[in-house]
There are 2 protein chains.
Amino acid sequence: MMNASTIATEAAHPQALVMVDTALFTIHDERLCLILARRREAPFAGALALPGGFVHIDEDADTESAARRVIRAKIGFDAPYLEQLFTFSGAHRDPRGWSLSVAYYALVPATLLDASQMAEAFAVDALPALPFDHDRIVARAVQRLRDKATYSSLPAFLLPETFTLNELHRIYEHSIGTRLDKASFRQKIIEQGIIEPIAGSFRTGAHRPAQMYRLSRSTLTAFARQI
Amino acid sequence: MMNASTIATEAAHPQALVMVDTALFTIHDERLCLILARRREAPFAGALALPGGFVHIDEDADTESAARRVIRAKIGFDAPYLEQLFTFSGAHRDPRGWSLSVAYYALVPATLLDASQMAEAFAVDALPALPFDHDRIVARAVQRLRDKATYSSLPAFLLPETFTLNELHRIYEHSIGTRLDKASFRQKIIEQGIIEPIAGSFRTGAHRPAQMYRLSRSTLTAFARQI
DNA sequence: ACCACTTAATTGTTTTTTGCAACTTACATT
DNA sequence: AATGTAAGTTGCAAAAAACAATTAAGTGGT
């Protein structure tokens with residue numbers, strides 16, 4: 001029978017530090033933002049960084065559970081969308097030694113965040129300097145979001161439960177970073193069937209009321225073609 | 001100053017086993033295959049599995065280097081294409097304890113493999129039962145290959161340095177799993193500029209000779225549209 | 001030498017998808 | 001009731017894709 005010390009002998013190698021880091025996207029003032037955390041401990045105590053922490057193998061079922069735990073600690077609830085991004089590793093990314101960080105990215109509607117949480121949201125194109133290799137994590141997360149926005153329902157997870165087609169249109173444009181034709185966008189979204197109108201529900205304002213919609217599925221839907 | 005024992009105290013948690021596993025794709029008899037390795041050690045000694053091993057933090061610069069080392073040990077050279085796939089983790093995927101495996105996938109032209117290596121190539125739709133969670137790794141690797149084949153030069157890395165357009169056509173069909181129109185395929189590939197004709201070089205045979213091509217770039221090229 | 005056969009490569013036509021612009025609708029405000 | 005503006009639709013031209021047919025270039029058999 002094997003026990004921990006047998007394993008250590010078998011592996012016969014010094015151990016890597018295993019952690020998770022999370023890129024929490026939200027929208028603020030029509031801009032794509034990331035929620036940062038101020039580090040309480042060394043290294044880089046006091047600096048703003050991506051929320052993260054060590055994997056606790058006695059407590060976390062897997063790294064995704066660890067990421068969920070980190071996110072809950074940060075915002076108080078589970079993000080509507082969470083996906084593994086990439087695993088970063090090496091001797092120099094953390095001064096404490098050879099480390100491995102499984103990075104996740106999540107999308108959080110701004111409506112679910114309170115003022116103090118929104119105060120820690122920074123536009124992705126105006127982030128402060130970040131410690132470790134968090135710049136690389138951010139770059140990859142933004143790239144992933146942009147890529148995936150072109151062929152899936154991903155950006156919808158930045159919106160509240162209900163939204164108008166124009167709101168969805170704008171969030172796609174902000175996610176992808178390019179202008180999208182209104183007529184084509186509406187047609188494609190409708191025919192993909194990712195959203196459904198909420199009968200009788202309209203956003204009223206100064207002008208013509210807008211039909212409210214909700215996502216048909218709570219999970220990501222990939223499109224056959226690009227948006 | 002910090003040292004290993006301080007860190008262990010700081011982390012204050014039992015450690016995860018950190019390893020890499022690799023899905024090595026190749027083509028044999030017009031079929032998409034994976035190269036498996038027979039395990040020499042417990043657990044699952046004697047079973048066929050994805051080539052893999054522990055990360056050696058004193059030797060591997062990062063997990064990608066570890067994957068390259070594993071691949072070199074298996075086939076004797078670096079795969080022309082290597083990419084991180086996904087990180088699998090949890091208490092139950094390996095009987096030795098809570099483990100984390102960073103999975104990579106690689107594409108290797110059959111022409112670079114010798115007979116003994118090809119003997120360990122199994123069609124992805126007729127694989128033997130695999131230990132650990134290697135079935136999940138394989139499923140995700142095949143899915144990634146199929147997805148990426150639809151919008152990039154990825155399948156070309158399964159071919160030797162030089163190839164004909166029809167060979168490229170067939171490898172795309174095998175990678176994606178669907179039929180592609182000959183005329184459209186040729187036009188799209190040419191206009192993407194991922195390949196260039198080799199002046200004066202033709203594959204001769206019983207019929208009309210076919211122009212030979214090579215990749216224009218040694219790195220992956222993503223297309224603006226689907227193939 | 002010529003014909004049949006097969007694969008390589010191109011050409012042409014139809015259908016579908018896009019990109020763009022103009023237009024209609026429905027409200028609040030004055 | 002007129003005006004302004006955002007919501008939503010319609011129509012058309014251009015581009016892209018799918019499909020079908022044709023031409024090109026060799027080998028091998030007679």
Side-chain angles (χ1 to χ4, degrees), chain A residues 29-30 149-152 155-156 159-160 162-174 176-214 221-227, chain B residues 29-30 149-153 155-156 159-160 162-214 221-227:
Chain A
D29 289 342
E30 299 256 318
T150 63
Y151 64 89
S152 78
L159 290 174
T162 68
F163 48 83
T164 70
L165 251 170
N166 280 318
E167 289 164 355
L168 187 65
H169 185 199
R170 276 196 293 276
I171 212 111
Y172 265 86
E173 292 186 331
H174 286 121
I176 299 175
T178 62
R179 214 203 133 264
L180 299 169
D181 178 65
K182 180 169 57 160
S184 307
F185 177 80
R186 296 175 87 94
Q187 192 198 328
K188 288 183 200 171
I189 288 289
I190 297 295
E191 81 187 12
Q192 293 296 341
I194 66 164
I195 59 172
E196 52 193 27
I198 304 169
S201 179
F202 294 88
R203 166 139 308 149
T204 54
H207 304 290
R208 176 174 174 173
Q211 174 69 54
M212 300 295 293
Y213 292 84
R214 68 163 66 88
T221 307
F223 305 155
R225 302 177 175 281
Q226 287 183 191
I227 200 68
Chain B
D29 288 342
E30 299 257 318
T150 63
Y151 64 88
S152 79
S153 58
L159 290 174
T162 68
F163 49 84
T164 70
L165 250 171
N166 280 320
E167 289 165 354
L168 187 65
H169 186 199
R170 275 196 293 276
I171 212 112
Y172 265 85
E173 292 187 329
H174 285 122
S175 300
I176 300 175
T178 63
R179 215 203 132 262
L180 298 169
D181 178 66
K182 181 168 57 162
S184 308
F185 178 80
R186 298 175 86 94
Q187 192 196 330
K188 289 182 200 172
I189 287 290
I190 297 293
E191 81 186 12
Q192 293 295 342
I194 66 163
I195 59 171
E196 51 193 29
I198 305 168
S201 179
F202 294 88
R203 164 139 309 147
T204 54
H207 304 290
R208 175 173 174 174
Q211 174 69 54
M212 300 294 294
Y213 291 84
R214 67 163 66 89
T221 307
F223 305 155
R225 300 178 176 283
Q226 286 183 192
I227 200 70

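Proteins come first, then strands; the chains are lettered A, B, ... in the order of their sequence lines, and each starts at number 1.
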Protein and nucleotides 26-29 of chain D: nitrogen or oxygen contacts under 3.5 angstrom:
| residue | atom | partner | partner atom | Å |
| --- | --- | --- | --- | --- |
| D/dG26 | N2 | B/H207 | ND1 | 2.9 |
| D/dT27 | O4' | B/A206 | O | 2.4 |

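To the nearest 0.5 Å, atoms CD (B/E167) and OG1 (B/T162) are separated by 8.0 Å. To the nearest 0.5 angstrom, B/I194 atom CD1 is 6.0 Å from B/L168 atom CG. Taking OH of B/Y151 as the reference point, atom OG1 of B/T221 lies at 12.5 Å (rounded to 0.5 Å). For the atom pair CG (A/L159) and OH (A/Y213), the distance works out to 13.5 Å, reported to the nearest 0.5 Å.
Taking a 4.0 Å limit (strictly below) on heavy-atom distances, residues 197-204 of chain A does not reach DNA chain D anywhere. Using a 4.0 Å cutoff on non-hydrogen atoms, the parts of residues 171-184 of chain B near DNA chain C are B/K182, B/A183, ordered by number.
When heavy atoms are screened at a 4.0 angstrom cut-off, B/Q187 is found touching no nucleic acid atom at all. The residue B/R186 sits close to a base: some heavy atom pair falls under 4.0 Å.
If you measure from atom CD1 of A/I190 to atom C1' of D/dA7, you get 13 Å, rounded to the nearest angstrom. We find that CD of B/E191 is positioned 14 Å from P of C/dT10, with the value rounded to whole Å. With rounding to whole Å, B/L165 atom CG is found 10 Å from C/dA8 atom P. We find that NZ of A/K188 is positioned 13 Å from C1' of C/dT16, with the value rounded to whole Å. The distance from atom CD of B/Q211 to atom C1' of D/dA24 is 14 Å, rounded to the nearest whole Å. The separation between A/N166 atom CG and D/dT5 atom C1' is 12 Å, rounded to whole Å. Atom pair A/F185:CZ and C/dT17:P shows a separation of 18 Å (rounding to whole Å applied). Atom pair A/I227:CD1 and C/dG19:P shows a separation of 11 Å (rounding to whole Å applied).
A/R208 meets the salt bridge (charged side-chain N to carboxylate O under 4.0 Å, His left out) test with no other residue; sequence neighbours excluded. For B/R225, the salt bridge (charged side-chain N to carboxylate O under 4.0 Å, His left out) test picks out no residue, with sequence neighbours left out.
For the pair B/I171/B/F163, no side-chain contact is recorded, criterion being any heavy-atom separation below 4.5 Å from C-beta on. For the pair B/T164/B/M212, a side-chain contact is recorded, criterion being any heavy-atom separation below 4.5 Å from C-beta on. The side-chain heavy atoms of B/I189 and B/Y172, taken from C-beta on, include a pair separated by under 4.5 Å. Side-chain contact between A/L165 and A/Q211: absent, with no pair of heavy atoms (C-beta onward) separated by less than 4.5 Å.
Nearer the 5' end of DNA chain C, as judged by each residue's closest nucleotide, is the contact made by B/A210, out of B/A210 and A/Q226.
The stretch residues 177-188 of chain A participates, sequence neighbours left out, in no salt bridge (charged side-chain N to carboxylate O under 4.0 Å, His left out) pair at all.
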